[in-house]
**Q** 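Before anything else, here's the structure in question.
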Amino acid sequence: MVLRRGPVSIRFRRRTVYGTLVLLAIAAGLSVLALCQGAVWLSPAQVLTALSGRGGTSVVVLEWRLPRVVAALVFGAALALAGAVIQNLTRNPLGSPDVLGIEAGSYTGALIVMTGVIAEVPGLLTGMAMLCGMLAAGVVYALSLKSGIDRTRLVVIGIAVNAMLVALNAWIVLRAELEVAIAATGWSAGSLNGLGWDDLQIPLIVVGALVLLFTALSGQLNQATVGDEVAVATGVRLGRLRLVTVLAAVACSATVTAVTGPIVFIALAAPQIGRRLFATSGVGLLPAALTGGVLLLGADLIAQLLLAPVALPVGVVTTAIGGCYLLWLLLKEMR
């Protein structure tokens, strides 16, 4: 038995190493291209010189373009991790924060602050986005319980809750003053435009802490994907694991939403694309994170180039890509 499994195990490890190296190379290439792209095109040599702190373009690259690239990579990875965790727990490729109403709930919390329902103080928008996202997740989770969690029921209820929250958000925007409504509508598209280091400090710390948590729980998550009985037999406390990981996934999604607005379909598509690229039996966290970062950075580049010099919100591009992916997934499942 050991001899037969050995070559398969080695082949999987090689696939993981090769997939990781390929995605890292693609991310590096896209990062350089994104740093070159802007109102004024810079050559790769100028970008590398600016990254070292020399040359007259260092402010443009380090203070204007680099934060956007870092945000795309980190936020894409964060959304993909949130989607991977929820898809692992639900064992459903449609399980993700944007389908289950978590992102819509986070947007509701942000709208409550933006429209002045609650007086805004520093950090309140992020806090309300996280709180309402968690409340939406709690409602979906509670309604899906039926002598244990029913995974199909969870997805269906999540879609219904998401639809109701989208309608509520539209009503809030329609009731707001014109200037606030315009700002909220633009923000709802999901955009990386205008982000600076000041906007990223707290989100990067939060996402970094959540990534460490996911890494620490990755072994238990892998055991939970095999089956509830096997996981319990190996000492995994499923109730606590599900609660902690769902809260962490909601926090990941809500943190990104509070900064950029809802960026849809990255959390849905990246885990499944990563699973196919790495040929894993389950939804792996590393493949999902790498794929999510590459997808969001690539989508942001398309958003900048499509109607240049006007930069579209990246959420417009991810929605179009995600729609094509969802259509393909549904057709595949029907076959």
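Source: prediction; values computed, not measured.
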**Q** Can you hop from W171 to V113 via hydrophobic side chains spaced under 4.5 Å?
**A**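 Result: yes, single cluster for both.
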
**Q** Do the non-hydrogen side-chain atoms of Y107 and I172 ever get within less than 4.5 Å of each other?
**A**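 No. Closest side-chain heavy atoms not under 4.5 Å.
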
**Q** Would you say that L35 contacts L42 through its side chain, given a criterion of any heavy-atom pair below 4.5 Å between the two side chains?
**A**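 Sidechains of L42 and L35: no contact.
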
**Q** After noting the C-alpha distance and the side-chain angles of L178 and I182, does the key distance pass the side chain to side chain contact (heavy atoms under 4.5 Å, CB included) rule?
**A** CA-CA 6 Å; L178 180 60; I182 292 173; 4.0 Å; yes

**Q** Quick check for you: to the nearest 0.5 Å, what is the distance between L33 atom CG and W41 atom CH2?
**A**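 Atom-to-atom, L33:CG and W41:CH2 are 5.0 Å apart.
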
**Q** Hey, could you give me the OG/CE distance between S106 and M134, rounded to the nearest 0.5 Å?
**A**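 If I round to the nearest 0.5 Å, the distance is 9.0 Å.
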
**Q** Report yes or no: does T291 contribute a side-chain atom to a donor-acceptor pair with the main-chain N or O of A288 at less than 3.5 Å?
**A**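 Answer holds: no.
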
**Q** Passes side chain to side chain contact (heavy atoms under 4.5 Å, CB included), I86 versus S96? Steps please.
**A** CA-CA 6 Å; I86 294 176; S96 73; 5.9 Å; no

**Q** Has I202 got more than 12 heavy atoms of other residues, nucleotides or ligands less than 6.0 Å from its CD1?
**A**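 Incorrect, the count does not exceed 12.
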
**Q** I'd like to know whether L213 forms a side chain to side chain contact (heavy atoms under 4.5 Å, CB included) with V244, so could you lay out the CA-CA distance, the side-chain angles of the two residues, the decisive distance to 0.1 Å, and finally the verdict.
**A** CA-CA 9 Å; L213 176 61; V244 172; 4.2 Å; yes

**Q** Going by heavy atoms in the side chains, are M114 and M128 under 4.5 Å from each other?
**A**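 When only atoms from C-beta onward are counted, M128 and M114 do not touch, as no gap falls below 4.5 Å.
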
**Q** Please report the interatomic distance CZ(R68) to CG(L192), rounded to the nearest 0.5 Å.
**A**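 Between atom CZ of R68 and atom CG of L192 there are 6.0 Å.
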
**Q** Report the distance from atom CG of L295 to atom CG of L23, rounding to the nearest 0.5 Å.
**A**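 That separation rounds to 9.0 Å.
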
**Q** Hey, does I263 have a side-chain heavy atom less than 4.5 Å from the side chain of I266?
**A**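 Yes, at least one pair of side-chain atoms sits under 4.5 Å.
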
**Q** Mind checking whether V85 and L285 have side chains closer than 4.5 Å, heavy atoms only?
**A**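 V85 vs L285: side chains touch.
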
**Q** Hey, quick one: are V180 and L168 part of the same hydrophobic cluster, counting side-chain heavy atoms closer than 4.5 Å, chains of contacts allowed?
**A**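 Different clusters: V180 never reaches L168 through Ile, Leu, Val, Met, Phe, Trp or Tyr contacts under 4.5 Å.
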
**Q** Is any side-chain heavy atom of S31 closer than 4.5 Å to one of L73?
**A**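 Side chain of L73 against side chain of S31, heavy atoms only: contact under 4.5 Å found.
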
**Q** Considering only heavy atoms from C-beta outward, does the side chain of L81 approach that of V211 to under 4.5 Å?
**A**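 Heavy-atom side-chain distance check passes, below 4.5 Å.
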
**Q** Within the distance-only criterion (no hydrogens, no angle test), does the side chain of N162 pair as donor or acceptor with the backbone N or O of G158 below 3.5 angstrom?
**A**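 Pair absent, no side-chain N/O of N162 close to backbone of G158.
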
**Q** Going hydrophobic residue to hydrophobic residue with side-chain gaps under 4.5 angstrom, can you get from V70 over to L301?
**A**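 Per the 4.5 Å side-chain linkage, V70 and L301 are co-clustered.
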
**Q** Could you state the interatomic distance from CG (L312) to CG (L306), rounded to the nearest 0.5 Å?
**A**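 Going from CG on L312 over to CG on L306, the span is 5.5 Å.
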
**Q** For the atom pair CG (L135) and CD1 (I102), what is the distance rounded to the nearest 0.5 Å?
**A**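 So the gap between those two atoms works out to 11.5 Å.
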
**Q** Do the side chain of Q87 and the main chain of L268 share a donor and acceptor less than 3.5 angstrom apart?
**A**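 Yes; at least one donor-acceptor contact below 3.5 Å.
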
**Q** For the residue pair M130 and V250, establish whether any side-chain heavy-atom pair is separated by less than 4.5 Å.
**A**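 Heavy-atom side-chain distance check fails, nothing below 4.5 Å.
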
